[in-house]
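What follows is a short report on a single structure.
Counting from 1, the numbers follow the sequence of the chain as shown.
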Amino acid sequence: MQCPIAQSLDNVGEWWNILILRDAFYGMKRFDEFQTSLGIASSTLTRRLNGLVDSGLLERYQYSSKPPRYEYHLTQRGR
């Protein structure tokens, strides 16, 4: 569809994604912050974050190598 609202909904997908994007917009960046805020299972959060990165709405940045830890930042498209 060429409708921007329909395209946005297609990119966002499930309602967890909308809540994750909302939290990212309000400044949350780390996995544990999202999990605490949303009360979401870690496996579900992992899938949702990966999907949002794959769709270009979030970018993943490694902030620790041992153990590997990442922050998630909104892209221009995500904003």
Considering only distance and modelled atom types, tabulate donor-acceptor pairs under 3.5 Å from the side chains of residues 34-42, sequence neighbours left out.
| residue | atom | partner | partner atom | Å |
| --- | --- | --- | --- | --- |
| Gln35 | NE2 | Ile40 | O | 3.4 |
| Thr36 | OG1 | Asp32 | O | 2.9 |
| Ser37 | OG | Asp23 | OD2 | 2.8 |

Working to the nearest 0.5 Å, report the span between CH2 of Trp16 and OG1 of Thr44.
7.5 Å
If you round to the nearest 0.5 Å, how far is CZ of Arg22 from CE of Met28?
7.5 Å
Nearest 0.5 angstrom please: Asn17 CG to Leu57 CG, how far?
8.0 Å
For Tyr26, is the OH atom crowded, meaning more than 12 foreign heavy atoms sit under 6.0 Å from it?
no
Spatial distance of atom CD (Glu71) from atom CD (Glu33) [nearest 0.5 Å]:
8.0 Å
I'd like to know whether Tyr70 forms a side-chain contact (heavy atoms from CB on, under 4.5 Å) with Arg60, so could you lay out the CA-CA distance, the side-chain angles of the two residues, the decisive distance to 0.1 Å, and finally the verdict.
CA-CA 6 Å; Tyr70 300 92; Arg60 181 181 7 242; 3.4 Å; yes
Return yes if some donor-acceptor pair links the side-chain N/O of Ser64 with the main-chain N/O of Pro67 below 3.5 Å, else return no.
yes
Ile20 side chain reached by Tyr72 side chain, heavy atoms, under 4.5 Å:
no
Is there a donor-acceptor pair under 3.5 Å between the side chain of Thr75 and the backbone N or O of Gly56?
yes
Kindly work out whether a path of hydrophobic side-chain contacts (I/L/V/M/F/W/Y, heavy atoms less than 4.5 Å apart) joins Tyr61 to Leu58.
no
